[in-house]
Undergrad: 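Here it is, the structure, as structure tokens.
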Amino acid sequence: MSDATGPDSLAAAGLDPNEVAAYELIITRPSSTMPQLATSWTRPVPLASIVAMLEARGFVTRDDGTERRYAAVDPEIALDSPLADYEGRLRRAREHVADLAQRYRSRSNVDDGATLVEVVAGQRAVMQRITQLQFGAREEICCLDKPPYLDAPGTAATDLELLDRGIECRTIYERASVEHPGGLHEVEQLLAGGQQARVLPSIPMKLYLVDRRHAVLPLQREPASVESAVIVHAPALLAALSTLFEGLWERALPMHMPATPVQAGRRASVDEHRLITLLLSGLTDEAIARQLALGYRTVQRHIAGLMSKLGAHTRFQAGVQAALNQQD
């Protein structure tokens, strides 16, 4: 997950990690001399040279006394101009990209559809394009998630970084995704990070829908692999895919963040929230036992106890009633 206060967080203002560290040090220790600041400086780069650059660029001031005490300029003042310049360059870059895209799409007859739909072949190329589109998102990514996977499960880090950037992420999981080894733990990580998730017994396809501007439909040549994908830019097709997603979203059952998620690979306690999520996903008792790292009979006892407590006649009914109780 990206760190909003990490060493690269002020790169847009033209500060490298050493300059950020020195600037933060002076902010936390105002009116300090260079020797005093140096006692807290652990980087190999000489502090004096870094502070001199910050002073020359207007981020730091020093008094005229003999001890030469340093103070940081208010960040909202010091950083306003370089950030405004960066935003202007970013705006001009987006305008240039829009112009290039327009020329790209008009280079040939639009009626042939070549610029409205692309086919990308090869797992590596497909994964690269998906990642490229994800990191280009501005507002929202909608996803239909089902096996087979392009890569080994473990893409949660990318999704968490997008969530951390403020991108809204909505995913509909097929039951098989939750049942997949490690699937529950990854879903719980994403729920904790802010993902909105729902589940259906089955979904018709894999789909990545980015800002309603682009869509990726991975294609299966064989049941167990994805070798190519269709990249959609055509507005009419994007509108149809958006309608499909929203219709499935309305039908799907919400997944909730468990009260106490466990670490992957560790034996889980019987957490009722987690049990409810798995019941709603439609997993069998055997699959639930595997996901919770518990015995089959132990899981059966807890499901029976939950059904009895809620007066439910079926496992699924128990899951629905429990989920509704959580929302009240």
Side-chain angles (χ1 to χ4, degrees), residues 1-24 27 50 52-61 72-118 120 125-143 157-170 194 208-216 229-239 241-242:
M1 186 181 298
S2 64
D3 183 357
T5 60
D8 296 326
S9 58
L10 294 180
L15 296 179
D16 66 29
N18 289 322
E19 291 169 334
V20 171
Y23 187 45
E24 291 179 346
I27 286 175
I50 300 296
M53 285 189 286
L54 291 174
E55 184 180 3
R57 295 168 62 188
F59 291 98
V60 168
T61 62
V73 176
D74 184 337
E76 290 189 346
I77 297 174
L79 296 171
D80 183 67
S81 178
L83 287 177
D85 178 66
Y86 177 81
E87 289 168 353
R89 287 187 284 115
L90 182 62
R91 184 183 65 256
R92 290 190 294 274
R94 290 196 182 281
E95 291 171 354
H96 192 185
V97 168
D99 177 65
L100 290 174
Q102 180 63 33
R103 284 190 277 170
Y104 171 76
R105 293 186 181 114
S106 63
R107 76 189 194 282
S108 60
N109 186 354
V110 159
D111 292 337
D112 66 9
T115 60
L116 301 180
V117 176
E118 305 174 56
V120 178
V126 172
M127 198 66 217
Q128 184 180 45
R129 183 61 65 88
I130 290 173
T131 302
Q132 183 182 45
L133 291 174
Q134 283 179 316
F135 280 104
R138 302 175 190 175
E139 297 178 1
E140 181 186 51
I141 296 175
C142 299
C143 179
T158 297
D159 296 330
L160 287 170
E161 184 171 348
L162 293 169
L163 289 164
D164 192 50
R165 282 174 43 201
I167 303 299
E168 182 178 352
C169 297
R170 292 191 292 155
Y208 299 86
L209 186 60
V210 181
D211 290 336
R212 303 296 199 275
R213 297 183 301 122
H214 309 286
V216 183
V230 172
I231 315 297
V232 178
H233 308 292
L237 291 177
L238 290 170
L241 292 171
S242 297

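Because the structure is predicted, anything quoted here is derived from the model rather than measured.
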Undergrad: Please list, chain by chain and in numerical order, all residues satisfying salt bridge (charged side-chain N to carboxylate O under 4.0 Å, His left out) with Arg129, sequence neighbours excluded.
TA: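 Residues passing salt bridge (charged side-chain N to carboxylate O under 4.0 Å, His left out) with Arg129: Glu118.
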
Undergrad: What pair of heavy atoms forms the shortest contact from Gly58 to Ala78, and how long is it?
TA: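 Smallest interatomic distance, heavy atoms only, reads O-CB, 4.1 Å.
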
Undergrad: Can you check whether Leu83 reaches Leu10 side chain to side chain, under 4.5 Å on heavy atoms?
TA: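 Leu83 vs Leu10: side chains apart.
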
Undergrad: Can you name the residues that form a side chain to side chain donor-acceptor pair (under 3.5 Å) with Thr131, not counting sequence neighbours?
TA: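 For Thr131 there are no side chain to side chain donor-acceptor pair (under 3.5 Å) partners, ignoring immediate neighbours.
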
Undergrad: Under the side chain to side chain donor-acceptor pair (under 3.5 Å) rule, collect the residues that match up with Glu55, sequence neighbours excluded.
TA: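 Partners of Glu55 under the side chain to side chain donor-acceptor pair (under 3.5 Å) test: Arg62.
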
Undergrad: Would you give the length of the straight line joining atom NE2 of His96 to atom CZ of Arg89, rounded to the nearest 0.5 angstrom?
TA: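 CZ of Arg89 is found 15.5 Å from NE2 of His96.
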
Undergrad: If we ignore hydrogens and angles and just use 3.5 Å, is the side chain of Arg170 paired with the main-chain N or O of Glu140 as donor and acceptor?
TA: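 No: the side chain of Arg170 does not pair with the backbone of Glu140.
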
Undergrad: Among residues at least two apart in sequence or on other chains, which ones pass side chain to side chain donor-acceptor pair (under 3.5 Å) with Glu168?
TA: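 Glu168 satisfies side chain to side chain donor-acceptor pair (under 3.5 Å) with Gln196 once adjacent residues are dropped.
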
Undergrad: Can you see which heavy atom on Pro82 is nearest to which on Phe59, and at what distance?
TA: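 Answer, listing the atom of Pro82 first, then Phe59: CG-CZ, 4.3 Å.
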
Undergrad: With side chains defined as the heavy atoms from C-beta onward, is the minimum distance between Asp159 and Cys169 less than 4.5 Å?
TA: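 Result no, sub-4.5 Å side-chain heavy-atom pair not found.
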
Undergrad: Tell me, please, which residues at least two apart from Asp211 pass salt bridge (charged side-chain N to carboxylate O under 4.0 Å, His left out).
TA: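 Partners of Asp211 by the salt bridge (charged side-chain N to carboxylate O under 4.0 Å, His left out) criterion, ordered by chain and then number, come out as Arg213.
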
Undergrad: Which atom pair, heavy atoms only, marks the closest approach of Ala137 to Ile167?
TA: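 That would be O-CD1, 3.5 Å.
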
Undergrad: Testing the basics here: between Val210 and Leu133, what is the closest heavy-atom pair and its distance to 0.1 Å?
TA: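 So the minimum-distance heavy-atom pair works out to CG1-O, 3.5 Å.
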
Undergrad: Quick one: CZ on Phe135 to CZ on Arg165, what's the gap to the nearest 0.5 Å?
TA: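 It comes to 7.0 Å.
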
Undergrad: Taking Val73's backbone N and O only, do any of them form a donor-acceptor pair with Tyr23's side chain (distance below 3.5 Å, no angle check)?
TA: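 Yes, because the side chain of Tyr23 sits within donor-acceptor range (under 3.5 Å) of the backbone of Val73.
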
Undergrad: For Pro235, give me all partners under side chain to side chain contact (heavy atoms under 4.5 Å, CB included), at least two apart in sequence or on another chain.
TA: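 Per chain and number, Pro235 pairs via side chain to side chain contact (heavy atoms under 4.5 Å, CB included) with no residue.
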
Undergrad: Under the side chain to side chain contact (heavy atoms under 4.5 Å, CB included) test, which residues partner Ala229, sequence neighbours left out?
TA: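 By the side chain to side chain contact (heavy atoms under 4.5 Å, CB included) rule, Ala229 matches Val126, Val216.
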
Undergrad: Holding to salt bridge (charged side-chain N to carboxylate O under 4.0 Å, His left out), I want the full list of residues that pass it with Arg57, two or more places apart in sequence or in another chain.
TA: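 Listed in chain order: Glu19.
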
Undergrad: Can you list everything that forms a side chain to side chain contact (heavy atoms under 4.5 Å, CB included) with Ser81? Sequence neighbours excluded, please.
TA: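 With neighbours one apart ignored, the set is empty.
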
Undergrad: To the nearest 0.5 angstrom, please state how far the CD1 atom of Ile141 sits from the CD1 atom of Ile130.
TA: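 Taking CD1 in Ile141 and CD1 in Ile130, the distance rounds to 10.5 Å.
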
Undergrad: Can you tell me how far apart CG (Leu209) and CG (Leu241) are? Round to the nearest 0.5 Å.
TA: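 Those atoms lie 6.5 Å apart.
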
Undergrad: Please list, chain by chain and in numerical order, all residues satisfying side chain to side chain donor-acceptor pair (under 3.5 Å) with Asp80, sequence neighbours excluded.
TA: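 Side chain to side chain donor-acceptor pair (under 3.5 Å) check on Asp80 returns nothing, list empty.
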
